[in-house]
Amino acid sequence: MPRYDFTSIESRWQEYWQREKTFRTPGPGDANFDASKPKYYVLDMFPYPSGAGLHVGHPKGYTATDIMARYQRHLGKNVLHPMGWDAFGLPAEQYAIQTGTHPAVTTAENVDRFRNQLQALGLSYDWDREVNTTDPKYYRWTQWIFSKLYEQGLAYEAEIPVWWCEELGTVLANEEVIDGLSERGGHPCVKRPLRQWMLKITAYAERLLADLENLDWPESVKAMQREWIGRSEGAEIEFSVAKDSGGAGDHAFMAFTTRPDTLFGATFCVLAPEHPLVDQITGVDQKEAVTVYREAAASKTDLQRSELQKEKSGVFTGAHAINPLFEEDDPRRLMPIWIADYVLMSYGTGAIMCVPGGDQRDYDFATEYGLPVVQVVAPKPLAVNAPGVDRAFDVTHGMGSVEIVTECYSGPGVMVNSGFLDGLSIEEAKSQMVDWLEKRDLGRGRVNFRLRDWLFSRQRYWGEPFPILHGKDGETQMVPNEDLPVTLPELDDFKPAGALEPPLGRAQDWVEVVDADGKVWRRETNSMPQWAGSCWYYLRFLDPQNDEAAWGEKAENYWMPVDLYVVGAEHAVLHLLYARFWHKVLYDCGLVSTDEPFQELVNQGMVQSFAYKDDRGALLPIDEVDEETDPAVRKSDGAAVERIVAKMSKALRNVINPDDVIREYGSDTLRLYEAFMGPVTASAPWNPRDLPGVHRFLQRTWRVFVPKEDDGGEIFASLLSNVAGSDEIERALHRCIEKVSSDVKQMGNNTAIAAMMEFVNEVTKREGQGFGRSQAERFCVLLEPFAPHLAEELWFRLGHVESLAYEPWPEFDLNMLVAESIEIPVQVNGKLRAKAFVPAGQENDRAVLEESAREVVAEHLIGVEVKKVVAVPGRLVNFVVAS
RNA sequence: GGGGGAGUAGCCCAAUAGGCAGAGGCAGAGGACUUAAAAUCCUCCCAGUACGGGUUCGAGUCCCGUCUCCCCUACCA
C-alpha cells in the first residue's frame with residue numbers, strides 16, 4: 001500500500017470537480033457572473049475523436065494550457081477554458097462503409113472515450129461548454145455562417161479540375177494531396193473537372209498577410225502563412241501571337257512576371273501544357289509532338305513531375321509571340337512559343353515570358369533547347385560598360401546587335417542591353433517598364449498571390465450539409481435561416497452513390513424539396529469539409545447553449561479575442577488561415593468585435609519516442625530490443641543497436657498510451673512529466689526512465705505533509721496548529737514563489753517545477769521541522785496548477801472544505817529573497833580567484849564591493865599594477881592587472 | 001534551392017539585459033535504514049557550452065565564417 005495513494009486521491013477529486021462544477025465559468029448574462037474581473041481565454045485545439053484514443057502528444061499541450069488556466073484563476077480572473085470535438089471526418093465514414101455502423105454511433109463512442117481520458121487527466125475544463133461539430137445544434141450555425149459567406153459573394157460554384165480520390169470517393173483540396181497521394185491513407189489521386197463550391201479566400205489575401213504583423217505568434221508560423229499566401233508584385237503583360245507574315249494576329253495571351261524590367265531579355269515564351277490557347281496556335285508540323293507532350297503531362301502526377309524536376313522538357317508550338325518593345329525588322333521581336341510542364345496552369349496566367357539571362361529555370365530550358373540567352377542585368381562592377389548595346393552580333397540566333405552570354409545572372413545590378421532602361425537599377429527599371437506598358441495598354445502592374453480560392457465541398461456523407469437548394473434552371477437559393485439546420489438524412493449505405501455522385505444523392509426524399517409555391521428544388525448533395533466546424537468553434541464556446549444565435553454579442557465582447565491558443569505546428573497554415581479568414585468575414589459583417597481571433601499562439605512541440613537502428617541502419621520495433629543494457633542490444637542476436645529519436649508509430653511499437661501511465665503513476669505524475677520534459681515549444685522523446693523522478697517529487701511532497709508513521713494520512717500536527725514556520729523555510733518559499741510566478745507566466749513550466757522540487761528538498765532536509773501551516777497552504781496553491789489532485793488533497797487535509805482552485809496566488813517579499821550576506825565572485829583578469837561576502841543591503845555599493853574583494857584576492861594583487869576595477873553591483877568584481 | 005528552429009555532463013534540460021557554466025530530474029558510484037528486498041533518505045562522480053575566428057575587463061549569451069540535426073516548403077514565373 002503506497003503511502004501516497006494517487007489512485008484514490010485522483011478519482012476522489014475528479015468526482016468532486018464534476019459534482020461541484022468547480023470549473024463552471026459563468027459568462028455575461030449568467031448568474032454569478034462578475035463583470036468587474038478581468039478575463040482570460042485559453043484555448044486548446046479541440047481534437048478529432050479518433051478510434052485510437054488519446055495519444056501522449058495531446059496532454060503535452062493540454063497540460064500546458066491547464067497550468068495556465070489554473071494559474072490565471074488564482075490571479076482572480078474569469079478564465080474561459082473549454083473543450084469540444086471536431087467530430088466530422090473521414091475515418092468514421094470509412095468505418096461506416098466497412099461495417100454499416102452509423103458514423104454518429106462511432107463518433108459518440110469515441111467522444112465518450114476521449115472525454116473520459118481527458119477527465120482522467122484532471123484538466124480544468126468547463127464541461128458545460130462542451131461542443132460537438134456534428135451536433136445539429138452546432139452545425140446549424142456552421143450553415144448560418146456559410147450563408148453569410150454566400151451573401152457576401154464569397155461562396156461560389158465552379159467547374160474546376162480537382163483532386164479526385166477514387167479510394168476515398170471524394171475530392172480533396174490541394175493541401176490534402178501530397179505528391180499525388182491523399183494525405184489521409186496515401187491513396188492515389190487524379191485531377192478531374194467537377195462542379196464544386198469555392199470560398200473566395202483570395203479576396204482576403206492582402207489582409208490575411210498584413211494583419212500577421214500585429215499577432216503575438218511564433219515567427220515560423222507567420223513565415224509559413226506568408227509563404228502560403230505568397231504575395232508577389234510584378235506585371236501582367238499581353239503578348240500577341242504573330243501571324244505567319246510576322247504581324248500581330250488575332251490571338252494573344254497574358255503572362256505574369258515579377259521582372260517586367262527584363263522584358264528586353266525575353267527570348268521565348270512558355271505556356272502551360274493545359275493552356276487553352278495551345279490548340280489554336282499550334283502549327284501543323286508541330287501538332288503531333290504537342291499532342292503527345294500534352295498527354296504525357298496530363299498523366300503525370302505532381303510526384304512524377306517533381307522527380308523529373310532537374311531536367312526541363314517541352315515542345316515548340318510553331319507559333320511566335322511578339323515582344324512589343326521591338327520594331328518590325330528587329331530580330332528580337334519574334335519569340336518562339338513553347339509549351340513545358342514547368343509552367344503551371346494554376347499559377348498566374350499559366351503563361352510566362354522567358355528571360356534565360358536572368359532566371360535559372362528559363363536558362364536551364366534555353367540551354368536544353370538551344371534558345372538564345374541575352375544579358376539584361378549586369379552586376380554592379382560592370383556598370384561602367386553600360387549602356388553597351390553595340391557589341392557582338394550573333395549569327396546563330398539572329399539576335400541583332402546584342403551579346404549572347406552563356407550565364408544566368410539573377411542578382412542585383414544595372415540594366416544593360418535594354419534600350420531606354422539602360423543604366424537604371426532594377427527597381428527603377430521595373431517601374432519605368434510598367435509605365436511604358438500601361439501607356440500603351442499592353443500591360444499593367446499586378447500583385448499575384450499563390451493562395452488559391454478554397455475548395456469547400458466534399459463528396460461525403462459525414463459532413464455538414466450545405467444550406468443550398470438548386471432549381472431546375474440552374475438557379476440557386478439559400479435555405480432560409482429559420483429552416484436551419486439542414487440535417488443529415490438517415491442512410492443505410494454510406495458509399496458514394498455513383499462515380500461522381502455523393503452519398504447524399506442516395507437520399508431521394510431528402511434531396512427533393514417542394515417550396516410553398518409548389519416549385520421543386522434539389523438539395524445540394526455535397527457536404528462541407530472538416531475545416532468548417534473548426535473555423536469558428538472558439539466562438540461557439542463563448543455561448544454554447546444559445547439557441548437564438550451562434551453567440552451572444554455580450555459574450556463575444558467580453559471574452560474575445562482568445563488570449564492564448566496552443567496548437568501543433570501541423571495547423572500552421574490550413575486551420576489557422578481558414579479560421580482567420582472566416583473571422584475577418586464575420587468582422588466585416590459586424591458579428592465579431594476583433595479582426596483577429598487568436599492574439600497569442602504557441603506551437604507545442606512533438607512528443608517523440610526512442611527507436612533503435614541496427615548496423616545496417618534499419619529501424620527495429622521496440623519490442624525486439626533490450627533497452628536495459630548499455631548500449632541496447634537486439635534480443636535475437638545480442639547485436640548492439642543505436643538509439644535514435646523518432647516519431648511514435650505503430651510500426652515501431654513505441655507508442656505510449658496515457659492510460660497505462662496513469663495506472664502506474666497517476667495523472668499528476670503524467671501531467672508533471674509532460675510539463676517537465678522541457679519547454680512546451682520543444683519536441684522531446686518520451687523517456688520512461690524519467691517518470692519515477694517526477695513521481696518521487698510528489699511522494700516527497702506528500703511526505704512533508706504526512707508523517708511516515710501514519711499511513712492513514714493524518715497530517716503533521718504542527719501543520720494543523722498555527723505554528724509559524726522557520727525563517728529558512730520562509731525564505732526558501734519566497735524564492736520558490738518568485739520563481740514559479742515568473743516562470744508560469746511565460747510557460748516556463750519545466751523550470752517552475754524544478755523550483756518546487758528545490759523547495760520540497762529544502763523542507764525534506766529538515767525532516768518536516770519548521771514547516772508551518774501558512775507555508776504549507778501557500779505551497780499548495782503553487783502546486784495546484786501542476787499537480788491539482790495532490791494539491792487539493794493536501795489542502796483538504798489542512799482542514800479546508802472548499803476547493804483551492806480559486807485561492808489567491810501567494811505573494812513574495814523581495815526582502816525575503818536575499819540571504820543575510822551576499823556572495824560575490826571576485827575575478828582577476830576575468831579568472832575566478834575568490835569569493836567575497838558582503839552584508840545584505842550593501843551589495844550594490846561599489847566601494848564596499850571593491851574593498852571586500854581586495855581583501856580576498858590580496859595575494860593576487862601583490863606586486864602588480866591594478867589598471868582597472870570592474871565592480872558590477874550585486875554581481876561581481878573584476879581586477880584588471882598588468883600581466 | 002528557399003524559409004523557420006536547435007546544438008551546454010552518459011541522457012532530458014537550466015543559466016534575467018554579456019557577469020561564478022548547473023537549478024531540477026534521470027542514469028552511475030558509495031552509504032544509511034532493513035533479516036532481505038522494495039521504497040525512502042544522505043553523499044559523491046561527470047562538461048567548459050558543435051567547430052574556427054572576432055568584439056569585450058569578462059562570451060553559452062553579441063558579431064563573422066563553417067559543420068551537424070529537426071521542421072516547413074519547393075520549377076509560383
Side-chain angles (χ1 to χ4, degrees), chain A residues 2-3 218-224 226-228 230 232 234 255-259 262 270 272 302 305-306 308-310 312 340-344 346-355 359-362 364-365 448-451 569-570 572-573 603 605-606 608 610 630-631 643 645 672-673 676-679 681-697 699-700 703 708 735 739 742-743 748 750-758 760-761 764-765 767 823-835 867-870 872 874-881:
Chain A
R3 293 183 167 117
E219 199 43 52
S220 59
V221 178
K222 288 192 189 183
M224 276 188 248
R226 281 191 201 106
E227 274 170 37
W228 193 263
S232 59
F256 175 72
T257 177
T258 55
R259 295 295 301 274
T262 61
V270 173
D302 276 6
R305 278 202 190 185
S306 60
L308 301 168
Q309 196 181 113
K310 284 137 222 148
K312 297 268 182 295
D341 65 6
Y342 81 95
V343 173
L344 309 173
S346 51
Y347 183 77
T349 58
I352 60 171
M353 66 175 210
C354 298
V355 185
D359 183 288
Q360 190 61 48
R361 294 156 303 180
D362 297 345
D364 293 345
F365 192 83
N448 198 46
F449 292 93
R450 261 183 71 176
L451 184 71
E570 68 275 17
V573 263
N603 265 164
M606 262 190 305
Q608 300 151 313
F610 291 129
D630 185 31
R643 191 172 82 174
V645 170
L672 223 42
Y673 175 69
F676 192 59
M677 289 173 84
T681 50
S683 293
W686 185 272
N687 188 352
R689 286 193 186 179
D690 286 340
L691 277 160
V694 284
H695 187 66
R696 251 173 249 163
F697 160 65
Q699 278 178 324
R700 253 197 309 270
R703 191 52 61 219
K708 232 179 206 159
R735 283 198 300 274
K739 181 72 177 147
S742 71
D743 284 351
N750 52 331
T751 48
I753 292 167
M756 288 187 288
M757 288 173 165
E758 211 175 341
V760 170
N761 289 346
T764 302
K765 216 174 279 174
E767 293 175 353
E823 190 186 274
I824 299 289
V826 182
Q827 299 178 333
V828 177
N829 281 351
K831 289 199 181 94
L832 181 69
R833 291 301 184 196
K835 292 190 174 166
K867 295 169 81 174
K868 189 177 172 187
V869 181
V870 181
V872 184
R875 284 292 186 181
L876 62 48
V877 179
N878 186 16
F879 292 94
V880 183
V881 303

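Reminder, nothing fancy here: chain letters follow the sequence lines and each chain counts from 1.
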Would you kindly give the NZ-to-C1' distance between A/K831 and B/A21, to the nearest whole Å?
17 Å

Would you list the protein and nucleotides 7-12 of chain B atom pairs, both N or O, that sit under 3.5 Å from each other?
from: B/C12; atom 1: O2'; to: A/M677; atom 2: O; distance (Å): 3.1

Pairwise 5' ranking along RNA chain B for A/G693 and A/L832, keeping only the more 5' one:
A/L832

Of the listed B/C41, B/A23, B/A39, the closest approach to the A/T751 side chain comes from B/A23

Under 3.5 Å, side chain of A/S683 to main-chain N/O of A/G605, donor-acceptor pair present?
no

Using the P atom in both, what is the distance from B/C26 to B/C71, to the nearest Å?
30 Å

Looking at the rings of A/W686 and A/F610, which for Trp means the six-membered one, are their centres under 6.0 Å apart?
no

Could a donor-acceptor pair under 3.5 angstrom be found where the side chain of A/K867 meets the base of B/C57?
no

A/R696 atom CZ is separated from B/A38 atom C1', nearest whole Å, by 12 Å

Looking at A/E219 and A/R226, is any side-chain nitrogen of the basic one under 4.0 Å from a carboxylate oxygen of the acidic one?
yes

With respect to the side chain of A/T258, which nucleotide from B/C20, B/U40, B/A77 is positioned closest?
B/A77

Can you find a side chain N or O atom of A/Q699 that sits less than 4.0 Å from OP1 or OP2 on B/U40?
yes

In Watson-Crick or G-U wobble terms, with both distances under 3.5 Å, the base opposite B/C44 is B/G28

Residues in side chain to side chain donor-acceptor pair (under 3.5 Å) with A/N750, at least two apart?
none

Find the distance A/M353:CE to B/A77:P and express it as a whole number of Å.
13 Å

Please name all residues satisfying side-chain contact (heavy atoms from CB on, under 4.5 Å) with A/K831, sequence neighbours left out, ordered by chain then number.
A/R833

Nearest to the side chain of A/N761 - B/C13, B/G24, B/G19?
B/G24

Among the candidates B/A77, B/C57, B/G4, find the nucleotide nearest to the side-chain atoms of A/E219.
B/G4

Looking for any heavy atom pair under 4.0 Å, which part of the strands does A/N878 touch: base, sugar-phosphate only, or nothing?
base

Could you measure between the two P atoms, the one in B/G25 and the one in B/G52, and give it in whole Å?
33 Å

Select base, sugar-phosphate, or nothing to describe what A/P679 touches, counting heavy atoms under 4.0 Å on all strands.
sugar-phosphate

Would you mind telling me which residue lines up with the more 5' stretch of RNA chain B, A/S220 or A/F879, judged by nearest nucleotide?
A/S220

I need the A/M677 CE to A/Q608 CD distance, nearest 0.5 Å.
8.0 Å

Using a heavy-atom cut-off of under 4.0 Å over every strand shown, decide if A/S232 touches base, sugar-phosphate, or nothing.
sugar-phosphate

Does A/P692 have any side-chain contact (heavy atoms from CB on, under 4.5 Å) partners at least two apart in sequence or in another chain, and if so, which?
A/Y665, A/R696

Restricting to nitrogen or oxygen on both sides, can you table the protein-nucleotides 1-3 of chain B pairs closer than 3.5 Å?
from: B/G3; atom 1: O2'; to: A/E227; atom 2: OE2; distance (Å): 3.4

Would you measure the distance from the C1' atom in B/G58 across to the matching atom in B/G18 and give it in whole Å?
8 Å

Atom pair distance, as rounded to whole Å: CG in A/L876 and C1' in B/A59:
13 Å

Is there a Watson-Crick or G-U wobble partner for B/U34 with both distances under 3.5 Å, and which nucleotide is it?
none

Separation between the P atoms of B/C57 and B/A17, rounded to whole Å
22 Å

Rounded to whole angstrom, note down the C1' distance from B/C67 over to B/A27.
30 Å

What contact category does A/Q360 fall into here, base, sugar-phosphate, or nothing, at under 4.0 angstrom with non-hydrogen atoms?
nothing

Test side chain to side chain donor-acceptor pair (under 3.5 Å) applied to A/N687 - qualifying residues, sequence neighbours left out:
none

A/Q827: which residues meet the side-chain contact (heavy atoms from CB on, under 4.5 Å) condition with it, sequence neighbours left out?
A/L876, A/N878

Using the rule side-chain contact (heavy atoms from CB on, under 4.5 Å), only one of A/D359, A/D362, A/V355 pairs with A/T262; which is it?
A/V355

Could you give the CD-to-C1' distance, from A/E823 to B/G19, as a whole number of Å?
14 Å

Roughly, in whole Å, what's the span from NZ in A/K868 to P in B/G58?
9 Å

Give A/R700 one of three labels, base, sugar-phosphate or nothing, depending on what nucleic acid heavy atoms sit under 4.0 Å from its own.
sugar-phosphate

Answer with base, sugar-phosphate or nothing: what part of the nucleic acid does A/K835 contact at a heavy-atom distance below 4.0 Å?
base

Under the rule for side chain to side chain donor-acceptor pair (under 3.5 Å), what residues qualify as partners of A/E570, not counting sequence neighbours?
none

Taking a pair to mean Watson-Crick or G-U wobble geometry with both distances below 3.5 Å, B/U56 pairs with none

Residue A/Y342, side-chain atoms from C-beta onward, closest of B/C75, B/C41, B/C57
B/C75

Taking B/G4 as the reference, what is the distance to B/G10 when you measure between their P atoms (whole Å, please)?
33 Å

B/A77, B/A14, B/C57: which one has an atom nearest the side-chain heavy atoms of A/N750?
B/A14

May I ask you to check if A/K312 and A/F365 form a cation-pi contact, with NZ or CZ under 6.0 angstrom from the six-membered ring centre and within 45° of the axis?
no

Those residues at least two apart in sequence (or on a different chain) that pass side chain to side chain donor-acceptor pair (under 3.5 Å) with A/S232 are A/Y347

What is the separation between atom NZ on A/K739 and atom P on B/U16, rounded to the nearest whole Å?
8 Å

Determine whether a donor-acceptor pair (one donor, one acceptor, N or O, separation below 3.5 Å) exists between the side chain of A/R875 and the base of B/U16.
yes

Between B/U55 and B/C72 - C1' atom distance, rounded Å:
35 Å

Who pairs with B/C69 - Watson-Crick or G-U, where each distance is under 3.5 Å
B/G5

What is the separation between atom CD on A/Q827 and atom P on B/G18, rounded to the nearest whole Å?
16 Å

A/M757 has its side chain closest, among B/G4, B/U40, B/G25, to B/G25

Report the nucleotide, chosen from B/A77, B/C41, B/U16, that has the shortest atom-to-atom distance to any side-chain atom of A/T257.
B/A77

Between B/G30 and B/A38 - P atom distance, rounded Å:
13 Å

